[in-house]
Amino acid sequence: MSGGRSPKNKGDAYERAVVRYLQERGIHVTRAKRGNPTGDVLGIDGLTIECKNQRSYDIAGWVKQMQASKELSESRLGVVIAKRRGTTDVSQHYAILTVEDLVSLLEEAGYVGF
């Protein structure tokens, strides 16, 4: 089935699962309203989060969307959380980010100049 209500429901359910996982770990986030151009998960200053639960992986397209959302929200960092086939355990899903954002995380964590 392409288009229609089912893919939207699937995406909504996945966003809720990601938010629930982060909240269970003490991270104060909320799910954005559908159509929010600044990301799917809100509440972490400086971070844009896009969630993807799709049959086919489109990493380039997902990252492009995340970067557009990141620019609109004026975030420092962005990440795409993508469902891994074969498991509903969000902790085992994929976090996709640019190398630029990875280096920024490493710098903020103190891994530069040691």
Side-chain angles (χ1 to χ4, degrees):
M1 171 184 244
S2 65
R5 195 160 175 82
S6 182
K8 286 182 182 179
N9 289 342
K10 187 169 98 171
D12 290 348
Y14 187 60
E15 291 169 11
R16 286 191 298 273
V18 169
V19 166
R20 186 170 43 255
Y21 174 79
L22 295 172
Q23 288 174 340
E24 288 170 354
R25 273 128 198 94
I27 301 168
H28 300 285
V29 294
T30 59
R31 184 170 163 258
K33 289 184 166 76
R34 186 180 285 174
N36 183 329
T38 60
D40 296 326
V41 178
L42 305 175
I44 303 172
D45 280 344
L47 179 65
T48 294
I49 300 174
E50 289 286 342
C51 300
K52 297 297 177 188
N53 180 7
Q54 298 175 357
R55 184 172 300 196
S56 299
Y57 292 143
D58 177 15
I59 294 171
W62 296 346
V63 169
K64 184 177 180 179
Q65 179 186 1
M66 178 272 296
Q67 288 176 316
S69 297
K70 178 179 156 186
E71 187 174 310
L72 281 171
S73 65
E74 299 180 356
S75 293
R76 293 183 326 277
L77 305 167
V79 64
V80 175
I81 299 177
K83 186 176 184 310
R84 181 178 175 182
R85 300 292 140 234
T87 180
T88 58
D89 181 354
V90 174
S91 74
Q92 297 304 303
H93 295 179
Y94 303 116
I96 304 163
L97 65 158
T98 64
V99 173
E100 177 181 45
D101 284 355
L102 172 63
V103 169
S104 292
L105 284 173
L106 293 171
E107 288 171 344
E108 288 178 27
Y111 287 99
V112 175
F114 48 90

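Because the structure is a prediction, the values reported are computed rather than measured.
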Under a 3.5 Å threshold, yes or no: a donor from one side chain and an acceptor from the other, between Thr87 and Asp89?
no

Pairwise side-chain contact, Gln67 with Glu71, heavy-atom cut-off 4.5 Å (strictly under):
no

What's the spacing between Ile81 CD1 and His93 NE2 if we round to 0.5 Å?
10.0 Å

Using every non-hydrogen atom in the two residues, find where Asp12 and Arg31 come nearest and quote the distance to one decimal.
OD1-NH2, 2.8 Å

Establish whether Ile44 and Val41 are linked, either directly or via other cluster members, by ILVMFWY side-chain heavy-atom contacts under 4.5 Å.
yes

Transitively linked via ILVMFWY side-chain contacts under 4.5 Å: Leu42 with Leu97?
no

Closest approach of Ser91 to Tyr21 (non-hydrogen atoms, all atoms of both residues)
CB-OH, 3.3 Å

How long is the span from the CD1 atom in Ile96 to the CG atom in Leu102, to the nearest 0.5 Å?
13.5 Å

Can you find a pair of side-chain heavy atoms, one from Leu77 and one from Leu105, that are under 4.5 Å apart?
yes

Heavy-atom count check: over 12 atoms from other residues, nucleotides or ligands less than 6.0 Å from Glu74 CD?
no

Joint cluster assignment, Leu22 & Val80, ILVMFWY side-chain distance < 4.5 Å
no

Less than 4.5 Å apart, any side-chain heavy atom of Ile49 and any of Asp40?
no

Under a 4.5 Å side-chain heavy-atom rule over Ile, Leu, Val, Met, Phe, Trp and Tyr, are Leu47 and Val18 clustered together?
yes

Is it the case that over 12 heavy atoms from other parts of the model lie below 6.0 angstrom from the CZ atom of Arg55?
no

Ion pair Asp58/Lys52, N-O distance below 4.0 Å:
no

Do any N or O atoms from the side chain of Gln23 and from the backbone of Val29 form a donor-acceptor pair under 3.5 angstrom?
yes

What distance do Arg84 atom CZ and Gln92 atom CD have between them, rounded to the nearest 0.5 Å?
6.0 Å

Ring pair (Phe, Tyr, Trp, His ring centres under 6.0 Å): which pairs involve residues 55-88, sequence neighbours left out?
Tyr57-Trp62

If you measure from CG on Leu72 to CG on Asn36, what distance do you get to the nearest 0.5 Å?
9.0 Å

Point-to-point distance, once rounded to the nearest 0.5 Å, from CG of Asp101 to CE of Met66
6.0 Å

Here the gap from Arg34 atom CZ to Lys8 atom NZ, rounded to the nearest 0.5 Å, amounts to 5.5 Å

Looking only at heavy atoms, what is the nearest atom pair of Tyr94 and Lys83, with distance?
CD1-O, 4.4 Å

Restricting to non-hydrogen atoms, name the atom on Gly39 and the atom on Glu50 that form the minimum distance, rounded to 0.1 Å.
CA-OE2, 3.4 Å

Check: Pro37 main-chain N/O paired with Ser69 side-chain donor or acceptor under 3.5 Å
yes

Non-hydrogen atoms of Thr38 and Thr48 that approach each other most closely:
O-CG2, 3.8 Å

Least distance between heavy atoms, Lys70 atom then Gly78 atom:
CD-N, 3.8 Å

Report yes or no: do Val63 and Val79 belong to one cluster of Ile/Leu/Val/Met/Phe/Trp/Tyr joined by side chain heavy-atom distances under 4.5 Å?
no

